[in-house]
There are 4 protein chains.
Amino acid sequence: MNEVRAVRRPRRTKPHRPNELFAAAAAEFAAKGFAATRIADVAQRVGLRSRGSVYRHFDSKEAMFQAVVVKTMAPHVEALRARSIAPTSSLAVLLRGVVRPMAEIAVNSALGGVLKMVIAEAHNFPELSRIWYRELLGPILEVITAAIIRAQAEGEVRQGDPHAFALQAIAPLITLLIWRETFVPAGAPEHDVEAVLAQGVEAFLGGVLISQPAAAPAGWEPCGLAGD
Amino acid sequence: MNEVRAVRRPRRTKPHRPNELFAAAAAEFAAKGFAATRIADVAQRVGLRSRGSVYRHFDSKEAMFQAVVVKTMAPHVEALRARSIAPTSSLAVLLRGVVRPMAEIAVNSALGGVLKMVIAEAHNFPELSRIWYRELLGPILEVITAAIIRAQAEGEVRQGDPHAFALQAIAPLITLLIWRETFVPAGAPEHDVEAVLAQGVEAFLGGVLISQPAAAPAGWEPCGLAGD
Amino acid sequence: MNEVRAVRRPRRTKPHRPNELFAAAAAEFAAKGFAATRIADVAQRVGLRSRGSVYRHFDSKEAMFQAVVVKTMAPHVEALRARSIAPTSSLAVLLRGVVRPMAEIAVNSALGGVLKMVIAEAHNFPELSRIWYRELLGPILEVITAAIIRAQAEGEVRQGDPHAFALQAIAPLITLLIWRETFVPAGAPEHDVEAVLAQGVEAFLGGVLISQPAAAPAGWEPCGLAGD
Amino acid sequence: MNEVRAVRRPRRTKPHRPNELFAAAAAEFAAKGFAATRIADVAQRVGLRSRGSVYRHFDSKEAMFQAVVVKTMAPHVEALRARSIAPTSSLAVLLRGVVRPMAEIAVNSALGGVLKMVIAEAHNFPELSRIWYRELLGPILEVITAAIIRAQAEGEVRQGDPHAFALQAIAPLITLLIWRETFVPAGAPEHDVEAVLAQGVEAFLGGVLISQPAAAPAGWEPCGLAGD
DNA sequence: GATGAATGAGCGTTCATTCAT
DNA sequence: GATGAATGAACGCTCATTCAT
């Protein structure tokens, strides 16, 4: 029957740090999306036995969601900004120096799930996509675009819209993140993110640089499907 | 008694065809996502005064959602399949012949919104991402991959994972769709999809073909930002 | 999908007589009860393609229900009244003359289902139980009670509350009706209604008459389980 | 946004124990039946101000209904089983020993209302009539039938279908329960259940036993209408 | 007479949120 | 700090009923 409720509960052995709660929320939101995630799910995941306890740490479900999106993004913003802040490097150096850490981040962090959430809730949480564009995507594109403009001015890069080139340079990363979050669970083959991106950078440079691109540094070999 | 139900007037201003309902549902879902869309929103958008009326055409909200995703995709599946079914064409011909119609579709159809929905609801509606992969993305990637393998065998394309190349080839399209749906409303600059994609195809070919690519046919000039 | 609605419909070959509708309603109500029966069920059962058509014949679902209960009962009321209106007959003659036709009616008519409906909806349709008591159960009990009182006055029947005896006399019939409607579908063994009732009448008479009861007329042998 | 939900005051005047809720549900269901009972009715009856609160104790309306039917029956099943488990007693002792407690139960418990519910919802909740037959009616009939068969073997009871006799023995009880639930509220005279049943047992024994039945024990006098 | 599109009231159920303990 | 009982606002869905054709 469905009446059995009572019995006394043993105290939890260790306290719930806010960080655990945060991680739980991130995992739930990334998996199910905002609306389909219930406060009870998050509570249960950290071992809290009542939904009410969650409100010790967050004012509302929406605040929780925003915090998850923003704070998950934050450390990577710093990392990428630090790496791309040397705006004088050549396009090849820049891309090779930016793409690999991005690939690592993409593989090891929850950024993919967060990007998915940003896309999904762009209408309901416009602030989030604004932040993502302003803090993350915009700056990256700007640095690349600037490098391309410089290279075009020096005759190293073919004519063409530099913004379009920059977007093209970034596109495989974004596509791979979505691929992994959306289509791999649906049966699509998984890719070795770092390998695909490395190959992509080289091909991109080959298609954009007028002279022969400098030989790729050691460690940038061609790649294959993950699992090869 | 509890069965007494009164009713007012089944008057209507105009006949509501199923297609209108369908379009309304697509628009609402694309804008707000599945959970945040209320049946009442859809009803109101087509001029129906009661939520119940919607159920003459759809069995449930979920069925409605699935129908929107699948049927919006369907005609384009046919179109693309027809165009890419000549598998003997060279890589350059294939890409130029596939990317432009895809760009047109992307610009003029609701595919962008639907892709967003597929990404957002991948967890809650796994069947939809499965269908999208099986019917749309998978076949496109296969055709491109096959063309690359063929070209590699004939020494026309550089070594490298052909699947990765194929993914790279379509990445700008996917990225642009998401860009438009997610970041443009957040203040990001809008791009001229067809121009960016055309430039992307040429750059991709330039980076991948070993010999000089055949000159791009007339009409494929470099592009700029939309609105320039 | 769930959109397919249209196509043109061939006309029905024969018109729907109200009687057919009535029978359909009776069957549905008896099976599912008032609330669980939908107008659409009734319409479909008679071959009407729209719920609205039902309203040509009935003002409301409640009116339909009441009509079913009352009109199903009506002919049997007449029959029983005719048979029990000769109040001068002895108790044995009366019971043997009333129980057998009641058994036949119980077996062959929808009275069992209607009794079930009356019981189920006694609170929501008090008028129906009132009618059933006033028109059917009350008169039958009265006749039997009167016969018992007469027999007691002549020393043929033992002392005791005649109303209680009368109730006891018809209890097997009521119980069997409920048994068939409620417990036989649940796996309980089915009984041969006429045989059980005949045996019951004899046992009842045996327990109530002071002298030996007149031998049962031919055709009233002991009975067994149906199917024996 | 569609997730904004405000709330007022979770103040309550007294603690609502599950048992109170259960009783309230039983009362509502018995009075109105399953469909006509609204969750709000039950909530209000126990002093809960919101329908949602009911769902802390029951998973669904159907579960609530089933629980009411099953758990109301349960204690009486035990009681009756205990009393009829001495299968060696004579038919007279058995009936006199079983019928009186059954009468008391019938008068003082909610079994009448529950039987009504079982009958009314036999189609929609077939499991309930199955349980009632298996746990309650079936065992009782079996014990009585067995006693009759034994008595017939010893020449104490007249020939005849023992199952039919058993049903006849039980019939007044079932009929009285239905009578009270269905027809008394419709104006039918109320009976003194214990008295009618006691008289019925004696008459039944008189009609079934071949020799003179043992004199009824003290306290089993003839009865009259309740209220006399 | 029948059809079917439309209506709208109502109900079961969910769940974010509150608060006394 | 945590608990859990309670709240109340939605929202999906059903279905009796109406009415123009």
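Convention: sequence-line order gives letters A, B, ...; per-chain numbering from 1.
In this model, no side-chain donor or acceptor of C:R49 finds a partner on the base of E:dA2 within 3.5 Å.
Phosphate proximity of E:dA5 to B:S53: absent, as no side-chain N or O sits under 4.0 Å from OP1 or OP2. One finds no side-chain N or O of D:H57 lying less than 4.0 angstrom from the OP1 or OP2 phosphate oxygen of F:dA5. Under 4.0 angstrom from either OP1 or OP2 of E:dA2 there lies no side-chain N or O belonging to C:S50.
Residues passing the salt bridge (charged side-chain N to carboxylate O under 4.0 Å, His left out) test with C:R51, sequence neighbours excluded: none.
When distances are taken from the side chain of B:K61 to each of E:dA16, F:dA2, F:dG12, the shortest belongs to F:dG12.
Between the CZ atom of C:R51 and the C1' atom of F:dC15 there is a distance of 6 Å, rounded to whole Å. Remark: P of F:dA10 and CZ of A:R38 are 21 Å apart, rounded to the nearest angstrom.
Residue whose closest nucleotide on DNA chain F sits further toward the 5' end, between B:F34 and C:D59: B:F34.
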Fill in the dot-bracket string of DNA chain F, one character per base: . for unpaired, | for a pair to another strand, ( ) or [ ] for pairs within the strand, taking Watson-Crick or G-U pairs under 3.5 Å.
.||||||||||||||||||||
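Note: D:F65 and D:F125 have tilted aromatic rings, judged against thresholds of 30 and 60 degrees for the angle between ring planes.
Annotation: side chain of C:T72 is in contact with side chain of C:F22 (closest heavy-atom distance under 4.5 Å).
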